[in-house]
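Residue numbers count from 1 along this sequence.
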Amino acid sequence: MRALTAVLVIIGLVLVVGGAWLLSLGGSAYYLLAGLGLIASGVMLWRLRLAGALIYAGVFVLTVLWAVWEVGLNGWALVPRVVAPAVLLVLVIAALPVLDTRRGGRLALTGAAVFVVGALISGVVIAQANRPVSPADVAAAALAAMADPSLRAAGADWPTYGGTEASRRYSPLTQITPDNVGQLERAWTFRTGDTPEEKWGAETTPLKIGDTVYLCTARNILIALDARTGRQRWRYDPEVSDDWIPYTAACRGVAYHDAGASAPAAGAPGAPPPTTPAAPAAAAPCATRIIEGTLDGRLIAVDARTGRPCAGFGTNGAVDIKIGMGDVIPGMVSITSAPTIVQGVIVTGHQVLDGQYRSAPSGVIQGFDAITGELRWAWDMTRPDLTGRPDAGDQYTRGTPNMWTTASGDEQLGLVYLPMGNSAADYYSGDRSEAENRYSTSLVALDVNTGRPAWSFQTVRKDVWDYDLGSQATLIDYRTPAGVVPALVLPSKQGDLYILDRRTGRPLTAVEDRPAPVGGVEPQERAPTQPFSRFHTLAKRDLTERDMWGMSPIDQMICRIGFRQAAYDGIYTAPTSDRRWIQYPGYNGGSDWGGIAVDPQRGWIIANYNDMPNFNRLVPRAEADKKGWFPHGDPRLEEQTPESRGGVPEGAEGAGDPQMGVPYAIDVNAGWRMGSTGMLCKQPPYGGIRAIDIRTGQTVWDRPLGTARKNGPFGIPSMLPLDIGTPNNGGSVVTAGGLIFIAATTDDLIRAIDIETGETVWSDVLPAGGQAGPMVYEQDGRQYLVLMAGGHHFMETPAGDHVIAWALPQR
């Protein structure tokens with residue numbers, strides 16, 4: 001009893017102090033009042049008076065009523081409000097035998113407890129029954145068949161990173177269905193043997209051509225596997241030094257090129273019929289080849305049959321994309337995404353390590369001949385006159401926006417679509433050039449034969465939120481009153497989805513300018529309006545104090561105080577230095593590099609998304625220097641101990657990035673996590689998956705994605721099989737069999753979802769995190785599902801090197 005009363009009084013004191021602080025900021029009065037009630041209860045229980053139990057019961061009843069008033073019967077929102085108080089209620093009830101009950105209050109207290117506990121159970125049941133799987137009243141009639149301008153079809157094969165050059169992540173295979181998916185078994189598993197000790201995150205989506213599966217490992221080892229058995233056929237190691245690993249050791253995919261395949265001339269009428277590549281036959285060396293980009297900024301070409309470097313490609317099978325970039329510190333320039341090949345031209349961008357220098361290496365886009373490796377063109381956005389490499393002593397413009405993700409292309413139109421990032425020093429814009437302001441955070445269509453822009457479409461004006469475009473554009477046909485138009489779907493980190501004419505960049509659905517907040521450290525730079533898609537958005541409503549969460553009322557109160565202290569004017573809140581500002585959604589989206597999938601028969605978009613804020617602050621240069629926040633490669637870093645670096649570069653991206661060359665460093669609390677428990681300050685869900693009808697932009701269904709089994713306070717897995725909706729990285733694949741296959745979440749599961757209902761109909765536990773895109777193929781009449789389970793350090797999922805294939809049992 002003495003211990004219980006001490007706990008009540010201590011919790012009460014914390015709530016009184018914090019509640020008074022919150023109330024002074026304009027927040028809820030509940031915590032102050034509840035704290036006073038707990039102190040009074042504790043004092044009376046110390047004296048063994050029944051009044052102490054009655055006071056606590058009253059506080060609890062009022063807590064439940066307040067909680068339901070704030071959030072209704074939302075089960076996850078009720079957790080921090082009522083679970084911990086309910087545990088204390090059980091302890092208070094257990095203490096009744098030692099209390100003075102001469103006034104006959106035990107019966108009343110017990111009745112109240114039963115009423116409240118019953119109400120809680122009912123509330124949880126109702127909340128679970130009403131979890132957000134919400135089919136919309138949308139017809140499922142098929143669109144007119146979508147033409148695919150790709151050279152190669154998905155089906156028996158998976159010939160490109162996105163399935164085909166259209167990047168729809170769709171397979172026409174039908175063998176696996178919602179009725180039999182529960183019979184899936186592991187057909188084979190291959191271990192790559194490449195798992196970095198730090199910064200792991202392979203993110204690989206393999207290709208399948210003929211009877212061979214091709215993939216790259218975290219550190220760019222190329223591997224070919226037998227599609228039937230998963231046995232290794234060949235292996236090529238380009239010997240990338242760990243010094244070149246940027247934020248993550250990632251290779252998202254490779255590209256396949258057939259030197260004998262004919263490409264249409266730009267603008268030729270009619271797309272060529274997609275074909276399925278045949279198994280490579282005996283031919284000249286490198287007649288078919290696998291091309292990858294490496295972490296040290298090279299393009300590598302090897303023979304698809306043997307894995308030997310293509311001697312005629314560049315120098316001994318390699319081309320250095322860093323030529324012309326000037327000084328490049330190891331780790332600053334890396335290719336982490338699959339190259340895109342359009343009309344025989346390899347188009348590549350590259351990752352530039354975020355947040356280090358304003359004068360970081362250039363974001364120049366380059367096109368190389370797929371046979372010889374010769375530079376065909378370069379696009380330096382600030383120098384339209386420079387079409388190749390700069391002269392000796394010159395260099396491409398430093399600090400310009402880069403394309404770190406994967407492009408898509410239209411073979412018929414001869415256009416490649418580049419989802420562009422931001423200028424170096426993401427969170428400060430005062431010194432950017434006119435060209436940077438035009439092309440940053442834009443989809444840019446380049447003519448693949450000249451490297452010149454055909455059109456561009458910008459999703460954020462003067463981006464200072466790291467809202468770079470991470471998703472591939474997906475090519476579709478879109479029906480308009482004037483007929484079917486070749487179009488593309490462009491997802492964004494803010495959650496907006498745009499439908500654009502892929503010939504011109506003209507929006508085919510409404511886009512409107514809305515007022516945006518102006519203020520922060522450079523109010524003169526903030527755009528007074530920002531574009532918003534009226535077709536569809538994955539973004540949720542603006543946050544309020546009631547959306548704050550935690551493990552207990554104390555955690556939630558602390559997050560509420562943080563919310564009230566921070567600057568927050570909704571999306572596009574201007575960055576501040578004198579206090580934190582809330583960025584919602586955070587830099588992981590919305591939609592990130594996993595992209596979307598499209599079912600061309602139903603005419604549905606399948607989009608998985610994140611729903612978390614970041615808690616940011618611009619840090620003045622002198623303060624950042626004092627903290628030891630120096631950029632990558634700076635000799636002053638060698639003088640710092642890991643503890644004095646303020647999390648640089650070991651922390652999450654942006655958690656102490658110096659942004660050398662502008663007045664402010666940046667401190668990002670990704671996901672807005674509490675330091676004490678590691679829980680997020682926003683209530684669940686943190687991620688979801690949604691089906692969207694392309695014709696109407698309406699939601700067909702929407703549900704949380706990911707369970708709580710690997711999530712919990714202090715990093716301890718709860719193992720609860722409840723749909724909490726976790727953060728997710730990686731995309732999905734849709735099949736004509738009526739299934740969506742996706743991993744991506746932090747619960748280390750791969751799952752199959754019935755596309756009609758949004759319900760999970762199968763899942764399997766992975767040996768490591770599944771932060772990669774799955775792929776589907778057929779071999780000898782058997783359909784396979786393949787995923788790289790490599791884990792991800794930022795997502796805090798276990799590291800691994802497993803490539804796993806599932807299939808139905810052979811009869």
Side-chain angles (χ1 to χ4, degrees), residues 246-248 331-334 336 349-363 381 397-405 419-433 435-442 458-470 492-494 516-517 520-522 525-527 530 571-577 580-590 592-593 613-621 624 629-632 647-649 651-671 794:
Y247 181 68
T248 299
M332 286 297 296
V333 170
S334 306
T336 54
H350 51 275
Q351 173 181 326
V352 177
L353 191 61
D354 270 352
Q356 304 303 304
Y357 300 92
R358 176 65 181 100
S359 60
S362 176
M381 64 179 61
T397 309
R398 298 185 74 88
T400 52
N402 63 319
M403 182 194 70
W404 56 267
T405 190
M420 296 299 295
N422 206 355
S423 300
D426 285 287
Y427 299 90
Y428 188 83
S429 62
D431 60 354
R432 295 176 188 169
S433 67
E436 289 176 277
N437 284 332
R438 177 181 177 184
Y439 290 116
S440 70
T441 319
S442 296
Q458 190 167 56
T459 60
V460 183
R461 299 186 180 107
K462 291 194 175 181
D463 182 3
V464 287
W465 301 274
D466 198 12
Y467 277 151
D468 45 6
L469 292 171
S492 72
K493 284 186 176 180
Q494 307 91 287
V521 299
E522 40 178 1
E525 293 290 331
R526 297 286 62 77
Q530 292 286 357
I571 192 170
Y572 301 120
T573 296
T576 54
S577 176
R580 293 270 181 177
W581 94 88
I582 297 169
Q583 177 189 350
Y584 180 63
Y587 59 35
N588 269 109
D592 205 350
W593 57 264
N614 286 352
F615 200 51
N616 305 340
R617 177 178 168 249
L618 290 173
V619 179
R621 174 63 48 218
W629 293 357
F630 301 119
H632 188 68
V648 181
E653 186 175 348
D657 282 352
Q659 296 198 137
M660 190 65 69
V662 300
Y664 300 95
I666 181 64
D667 187 13
V668 174
N669 180 341
F794 174 68

Taking only residues two or more places apart in sequence, or in another chain, which ones meet D354 in a side-chain contact (heavy atoms from CB on, under 4.5 Å)? D426, D466, E653
Could you pull out the closest heavy-atom pair between A360 and V352, with the gap in Å? CB-CG1, 3.6 Å
All heavy atoms of Q458 vs all of N437, minimum pair found to be NE2-O, 2.9 Å
First locate atom OG of S577, then atom CG of D667, and finally report the distance between them rounded to the nearest 0.5 Å. 11.0 Å
Is there a donor-acceptor contact under 3.5 Å from the side chain of Y357 to the main chain of H632? yes
Any side-chain heavy atom of F615 sitting closer than 4.5 Å to one from W581? no
Just how far is it from atom CG of N422 to atom CG of D463, taken to the nearest 0.5 Å? 4.0 Å
Got Y664 and V619 here, is their nearest side-chain heavy-atom distance under 4.5 Å? no
To the nearest 0.5 Å, what is the distance between CE (M420) and OG (S440)? 8.5 Å
Quick one: does T459's side chain have a donor or acceptor within less than 3.5 Å of a partner on T441's backbone? yes
Working to the nearest 0.5 Å, report the span between CE of M332 and CD of Q351. 10.0 Å
Contact summary for P401 and G421, nearest pair of heavy atoms: CB-O, 3.3 Å
Name the orientation class of the two ring planes belonging to Y572 and Y467 (parallel below 30°, tilted from 30 to 60°, perpendicular beyond 60°). perpendicular
Shortest non-hydrogen separation from F630 to P658 and the atoms involved: C-CG, 3.6 Å
Taking R438's backbone N and O only, do any of them form a donor-acceptor pair with R461's side chain (distance below 3.5 Å, no angle check)? no
Salt bridge present between E436 and R358 (N-O < 4.0 angstrom): yes
When you compare the side chain of H350 with that of P361, does any pair of heavy atoms fall below 4.5 Å? no
Checking P613 now: which residues fulfil side-chain contact (heavy atoms from CB on, under 4.5 Å) with it, not counting sequence neighbours? L543, I582, Y584, W672, K682
OG on S362 to CE on M381, rounded to 0.5 Å: 8.0 Å
Run the numbers on Y427 and V668 for side-chain contact (heavy atoms from CB on, under 4.5 Å), then give the verdict. CA-CA 10 Å; Y427 299 90; V668 174; 3.7 Å; yes
Going by heavy atoms in the side chains, are S492 and L469 under 4.5 Å from each other? yes
V464 side chain reached by E522 side chain, heavy atoms, under 4.5 Å: yes
No-hydrogen, no-angle side-chain donor-acceptor test under 3.5 Å, T573 and Q583: no
Can you see whether W465 engages N616 through a side-chain donor-acceptor pair at a distance of less than 3.5 angstrom? no
Taking all heavy atoms of R617 and all of I666, pick out the closest pair and write down the distance. O-CD1, 3.5 Å
So does P585 get a backbone contact from the side chain of Q494, meaning a donor-acceptor N/O pair under 3.5 Å? no
In Å and rounded to the nearest 0.5 Å, what is the CZ to NZ distance from R432 to K462? 9.0 Å
Apply side chain to side chain donor-acceptor pair (under 3.5 Å) to S429 and R526, showing your working. CA-CA 9 Å; S429 62; R526 297 286 62 77; 3.0 Å; yes
Identify the two heavy atoms, one from N588 and one from D592, that lie closest to each other, and give their separation to 0.1 Å. ND2-OD2, 3.1 Å
